[in-house]
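Reading through the structure tokens given below for one structure.
Proteins come first, then strands; the chains are lettered A, B, ... in the order of their sequence lines, and each starts at number 1.
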Amino acid sequence: MPELPEVETVVRDLRAHGLENSVIRDVQVRWARTVSGCSPARLASRLRGRKIDSLSRRGKYIILSFDDGRHLQIHLRMTGKFRFAVRDEVPGKHDHVIITLADGRRLFFNDTRKFGRFRLVDSAEEGLEALGPEPLDDSFRENLFRRRMEGRTRMIKPLLLDQTLVAGLGNIYVDESLWRAGIHPERCANTLTNIEIRCLYQAIREVLRRAVENCGTTLGTGQANFYSVAGRRGRNADALAVFRRTGLPCPRCAHTIIRVVVGQRGTHLCPSCQK
DNA sequence: AGTCTTGTTCGACT
DNA sequence: CAGTCGAACAAGAC
């Protein structure tokens with residue numbers, strides 16, 4: 001599923017395809033609920049003729065910034081994908097938005113589960129005020145992480161998933177970060193020692209950095225998996241220590257990885273490394 | 001055929 | 001208010 005590294009990969013791929021500085025000729029919305037905040041017709045009329053000045057990412061959001069000062073926030077949720085149509089390709093069942101560029105290329109937004117969302121806003125951060133800091137930014141320091149964790153009584157896994165402490169983590173990278181730091185996902189945040197917080201801070205950064213280097217995680221072959229633009233698979237699956245590795249040996253201590261449910265989410269951990 | 005999965009939001013609780 | 005829990009959304013995988 002697209003988490004920070006996968007969304008970053010998509011943004012970089014779209015840039016590599018020259019989306020920056022291209023002009024939108026038309027936007028066709030085939031599943032109306034993909035657009036939130038305004039009608040599909042209004043979205044299309046506001047985007048027609050606009051030049052895309054830049055592409056960026058905030059948490060798991062892709063942000064297109066236009067020459068009129070507006071911004072399009074796109075969330076892929078679980079199965080959203082972009083690809084450029086080949087020649088006269090006819091859109092399929094799950095191609096919900098088609099962005100036609102002035103040069104004739106067509107960018108298809110494909111989303112089997114229809115949870116992906118497009119929202120046009122007046123400032124890039126509008127509606128995203130609650131998002132926590134970017135974990136890979138230089139300004140995200142151990143002290144900031146520690147301060148934001150102070151007084152939080154929730155279990156550490158749901159806390160890391162909720163996007164307000166730190167932005168961009170999802171089920172895969174939370175499980176991986178907690179394993180790397182040797183912390184049990186059900187530990188309450190306010191019981192973590194300073195040393196554990198430091199370990200977790202470093203683990204989050206290292207796990208995410210490596211996943212970005214590997215262009216994200218693609219598990220298996222189903223369409224629910226992550227594919228970047230042009231159907232590119234991520235290479236990070238081999239770097240995973242625990243996620244979807246139930247029954248396999250822990251890479252650190254060889255004990256068997258188990259799967260439990262924490263906060264209604266499937267959770268993978270090493271019972272020996274994470275007490 | 002039925003269950004599970006996934007990210008986020010929302011409403012009803014405690 | 002802080003946090004928890006379940007529902008909702010949708011459809012493919014198994």
Side-chain angles (χ1 to χ4, degrees), chain A residues 1-10 29-37 57-63 73-82 91-97 109-119 121 125-132 135 147-177 185-192 208 211 216-227 231 234 236-237 240 242-247 258-269:
Chain A
M1 307 313 113
E3 305 178 28
L4 185 154
E6 289 75 26
V7 178
E8 179 65 26
T9 300
V10 170
V29 178
R30 305 171 76 245
W31 178 257
R33 288 161 68 184
T34 301
V35 179
S36 74
R57 179 190 59 73
R58 176 75 175 97
K60 301 175 191 172
Y61 291 82
I62 297 167
I63 299 177
Q73 298 168 340
I74 300 173
H75 200 298
L76 304 173
R77 293 290 183 98
M78 282 126 70
T79 56
K81 297 169 186 66
F82 281 106
K93 186 178 168 188
H94 302 304
D95 294 322
H96 301 314
V97 180
F109 177 70
N110 179 281
D111 184 18
T112 46
R113 294 195 190 158
K114 298 179 173 174
F115 289 175
R117 290 293 177 263
F118 284 43
R119 198 163 79 102
V121 291
E125 288 270 311
E126 185 180 327
L128 308 183
E129 299 82 3
L131 282 185
R147 280 207 315 274
R148 295 184 68 84
M149 198 120 84
E150 268 166 25
R152 307 304 298 264
T153 57
R154 305 173 68 181
M155 292 187 291
I156 189 66
K157 168 152 178 169
L159 183 60
L160 290 175
L161 281 176
D162 97 353
Q163 309 300 304
T164 62
L165 187 81
V166 175
L169 293 170
N171 217 23
I172 297 177
Y173 301 113
V174 167
D175 282 1
E176 291 298 312
S177 299
E186 292 176 314
R187 285 281 302 284
C188 292
N190 60 350
T191 68
L192 296 181
L208 291 178
T217 299
T218 303
L219 292 153
T221 54
Q223 58 173 323
N225 285 295
F226 168 71
Y227 293 90
N236 199 58
L240 301 183
V242 289
F243 191 79
R244 298 241 182 112
R245 293 178 54 79
T246 313
I258 61 167
R259 181 184 181 278
V260 297
V261 175
V262 178
Q264 296 114 245
R265 313 304 305 279
T267 298
H268 311 77
L269 63 102

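Of the side-chain N and O atoms in His75(A), one or more sit less than 4.0 angstrom from OP1 or OP2 of dT8(B). In this model, the phosphate group of dA11(C) is not approached by any side-chain N or O of Lys93(A) to a distance below 4.0 Å at OP1 or OP2.
Arg187(A) places a side-chain N or O within 3.5 Å of a backbone atom of Thr191(A) that can act as its donor or acceptor partner. The backbone N or O of Ile172(A) lies less than 3.5 Å from no partner atom in the side chain of Asp175(A), so there is not a single donor-acceptor pair.
Separating the CG atom of Leu161(A) from the P atom of dT9(B) is a distance of 13 Å, rounded to the nearest angstrom. The interatomic distance linking Met155(A) (CE) with dT4(C) (C1') rounds to 9 Å, in whole Å. For the pair Leu159(A) CG and dT4(C) P, the interatomic distance rounds to 9 Å; values are reported in whole Å. Separating the NZ atom of Lys81(A) from the C1' atom of dG12(C) is a distance of 11 Å, rounded to the nearest angstrom. If you take CD of Glu150(A) and P of dG3(C), they are 13 Å apart, rounded to a whole angstrom. dG12(C) atom C1' lies 13 Å from atom CG of Asp111(A), rounded to whole Å. Nucleotide dT4(C) holds its C1' atom 16 Å from the CD1 atom of Ile156(A), rounded to whole Å. At whole-Å resolution of the value, CZ in Arg58(A) and P in dT8(B) are 13 Å apart.
Here Glu8(A) contributes atom CD and Ile62(A) contributes atom CD1; the two are 10.0 Å apart, rounded to the nearest 0.5 Å. If you take CZ on Arg57(A) and CD1 on Ile63(A), they are separated by 9.5 Å, rounding to the nearest 0.5 Å.
Of the listed residues (Leu269(A), Thr217(A), Leu219(A), Thr267(A)), just one forms a side chain to side chain contact (heavy atoms under 4.5 Å, CB included) with Phe243(A), and that residue is Leu219(A).
Backbone-only contact: Asn171(A) has heavy atoms under 4.0 Å from sugar-phosphate atoms and none from a base.
With dG7(B), dT4(C), dT9(B) as the choices, the nucleotide that has an atom nearest any side-chain atom of Tyr61(A) turns out to be dT9(B). For Glu3(A), the side-chain atoms get nearest to dG7(B) when compared with the rest of dG3(C), dG7(B), dA11(C). Relative to the side chain of Thr153(A), the nucleotides dA11(C), dT8(B), dG3(C) differ in distance, and dG3(C) lies closest.
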> Reading DNA chain B 5' to 3', how would its secondary structure be written in dot-bracket notation, given Watson-Crick and G-U pairs with both distances under 3.5 Å, brackets [ ] for crossing pairs and | for partners on other strands?
Replying inline: .|||||||||||||
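Under the rule for a side-chain hydrogen bond (donor to acceptor under 3.5 Å, both in side chains), Thr9(A) has no partner lying at least two apart in sequence or in another chain. Remark: His75(A) engages Tyr61(A) in a ring-ring contact (aromatic ring centres under 6.0 Å, His included) (not counting sequence neighbours). For the side-chain hydrogen bond (donor to acceptor under 3.5 Å, both in side chains) test, no residue two or more places apart in sequence or in another chain qualifies with Arg113(A). Partners of Tyr173(A) under the ring-ring contact (aromatic ring centres under 6.0 Å, His included) rule, at least two apart in sequence or in another chain, do not exist in this structure.
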Review item, nucleotides 7-10 of chain C N/O atoms under 3.5 Å of protein N/O:
from	atom 1	to	atom 2	distance (Å)
dC9(C)	O3'	Arg33(A)	NH2	3.3
dA10(C)	OP1	Arg33(A)	NH1	2.8
dA10(C)	OP1	Arg33(A)	NH2	3.2
dA10(C)	O4'	Arg113(A)	O	3.2

